[in-house]
Amino acid sequence: MVTIRLHNSKTRKKEVFQPLDPANVRMYVCGPTVYDRAHLGNGRPMVVFDTLYRLLRHVYGADHVTYVRNFTDVDDKINATAAARKAAGDPRSMEALIHERTEETIGWYHADMDALGALRPTHEPRATEYIGPMVAMIEGLIAGGHAYAKEGHVLFRVRSYKDYGALSGRSVDDMIAGARVEVAPFKEDPMDFVLWKPSSEEEPGWASPWGRGRPGWHIECSAMSYELLGASFDIHGGGLDLQFPHHENEIAQSCCAHPKAEFARFWLHNEMLQVEGKKMSKSLGNFFTVRDLLDQGVPGEVIRFVYLSTHYRKPMDWTAEKAREAEGTLRKWRAMVSGVDAGAPVASVIEALCDDLNTAGAIAALHDLSRAGDAAGLKASAGLLGLLDEGMGGWCDKGADLSDLAARLASLRAEAMTTKNFAPVDALKSALTDAGVEVRMSKAGVELLPGPGFDPAKLEALK
RNA sequence: GGCGGGUUGGCGGAUAGGUUACGCACCGGAUUGCAAAUCCGUGAAGACCGGUUCGAUUCCGGUACCCGCCUCCA
């Protein structure tokens, strides 16, 4: 069996990955808060961890990997949207409006995920479905002296967990020095964080021993990973921005609730995304969603390729130029593997992926296969990265019936060969090139292929 | 202020203590009516200063610059 090595954020080292149970490799990834469309940055972990999932399935068997990614559907931004709809005159209850909003958002998320070629996780639990286990875990933490109830809130006592801060490399005292923590009168320590908080009439709430309220953000991942994967599991993933405080708090909660277990053994964090060299933000006007790109005609497979061409632990810069290059490469490869049966994934690609998910290296290995003309190997190996999948190639064939134009160009050319007047041939050729069509003429004949930036609309004028 | 990460050829972007990354672009050649595509080939790098080493772009330390997190943003 091949050896997978992964960079573990917990130890800050690359380590050999040995699952607790090779018959059931377990991975938990923090999913989205379903209040709006996934932006481009949200798409990166979606694709990165999907690729890891595919690798694990390849190595351990498709039925021997359990992948859990949650939907956070308890959130103030969701409440705000629902409240806004209510204020706009919607007669339905807040509960119904909240449900509508989360259903709508989850539908969008799934559609975007499908477009990016990401497989559905084994389980996609929603926080609202696990309120009971969360309450149970909180009760256990209180009983163990790790949490305390005050004024309708329940807070986690960070001083009760000696390793608090180990994941992100900071101590409680360091953090307090930063002084950017919410100080509340009911907190014993400024770093203590909320496990449960009271809800107003307008806010969603559930009955609990501490009154009607709702869970804090972090507890859902601790409760759901425990329910679905057990107290100890193999991999926990998410964006680097979640390392602190979210993952730190998850560790504190889970390790105190289940002191004999080790919780997640490998922590993987993907770096952040930038757009044309700058942080994506609404104020800079460079904020966009996965759906925005898809609507602009950038195929999901191209987006996926761009994500994977940078190693997940490095900041990734989204640029239009990269999308253009990726499209060209994919068109070339797709033409090559069209109609070919996939062979077995090639060792060089597997080795690259096994080396801390070196997707950029794997893509380089795919280029080698392309150059060597190994279409069957290319198709199978690309499949490990979720590329060149049969179901994702529609973008490549759209409006591809260029046979009429090809025939016209061929006859013009044949005529020109005798008259030596090539001007009409060149005119048609440059019009085609301008529309993004690749023009190939040889002794064998004329071939027209859609190329990067192919625009069928421009061909209409030629008809 | 605290913590973490980064700095590779024109651009993007990997691996490896010593041998060509790779892609795009560029240049030369084959091919072509001219091109395109394809194939072959050339050139081009490792922020700066030290240290370890027979040898470092790769390990260690420092400097500079950049970025992220510390605010329920992946």
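Throughout, protein chains are lettered first and strands after them, A, B, ... in sequence-line order, and every chain is numbered starting at 1.
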Same-atom distance (P) from B/C60 to B/A16, integer angstrom: 14 Å

Heavy atoms from other residues, nucleotides or ligands near CD of A/Glu104 exceed 12 (cutoff 6.0 Å): yes

Touch class at under 4.0 angstrom, heavy-atom based, for A/Arg371 against every strand present: sugar-phosphate

Touch class at under 4.0 angstrom, heavy-atom based, for A/Asn358 against every strand present: sugar-phosphate

Residue A/Ala360, side-chain atoms from C-beta onward, closest of B/C34, B/A14, B/A74: B/A14

Side chain of A/Asn42 - closest among B/C73, B/A14, B/C22: B/C73

Minimum-distance nucleotide to A/Lys314 side chain [options: B/C70, B/C73, B/G6]: B/G6

Same-atom distance (P) from B/U58 to B/U52, integer angstrom: 15 Å

Short side-chain N/O contact from A/Lys322 to OP1 or OP2 of B/G13, under 4.0 Å: yes

Shortest side-chain distance from A/Phe244, nucleotide among B/C70, B/C34, B/A14: B/C70

Within-4.5 Å side-chain heavy-atom neighbours: A/Leu268 and A/Tyr312: yes

Nucleotide opposite B/C11 in a Watson-Crick or G-U pair, distances under 3.5 Å: B/G23

Watson-Crick/G-U partner (both atom distances under 3.5 Å) of B/A47: B/U63

Ion pair check, A/Glu15 and A/Arg5, cut-off under 4.0 Å: no

For B/G1, the Watson-Crick or wobble counterpart (both distances under 3.5 Å): B/C70

Charged N-O contact under 4.0 Å between A/Arg408 and A/Asp404: no

Upstream residue (5' side of RNA chain B) when A/Leu40 and A/Glu321 are each assigned their closest nucleotide: A/Glu321

Touch class at under 4.0 angstrom, heavy-atom based, for A/Arg440 against every strand present: base

Options B/G33, B/G13, B/G68, nucleotide nearest the side-chain atoms of A/Arg413: B/G33

For atom CG of A/Asp368 and atom P of B/U15, their distance in whole Å: 15 Å

Separation between the P atoms of B/G62 and B/C3, rounded to whole Å: 13 Å

Minimum-distance nucleotide to A/Asp355 side chain [options: B/U15, B/G33, B/G5]: B/U15

Comparing A/Ser168 and A/Arg214 on RNA chain B - which has the more 5′ nearest nucleotide: A/Ser168

Residue pair A/Phe244 / A/Leu167, side-chain heavy-atom distance below 4.5 Å: no

Proximal nucleotide (of B/C24, B/C70, B/C73) relative to the A/His39 side chain: B/C73

More than 12 heavy atoms of other groups within 6.0 Å of A/Tyr164 OH: yes

Whole angstrom value for the distance that separates P of B/A35 from CE of A/Met441: 11 Å

Minimum-distance nucleotide to A/Lys332 side chain [options: B/G4, B/G68, B/U38]: B/U38

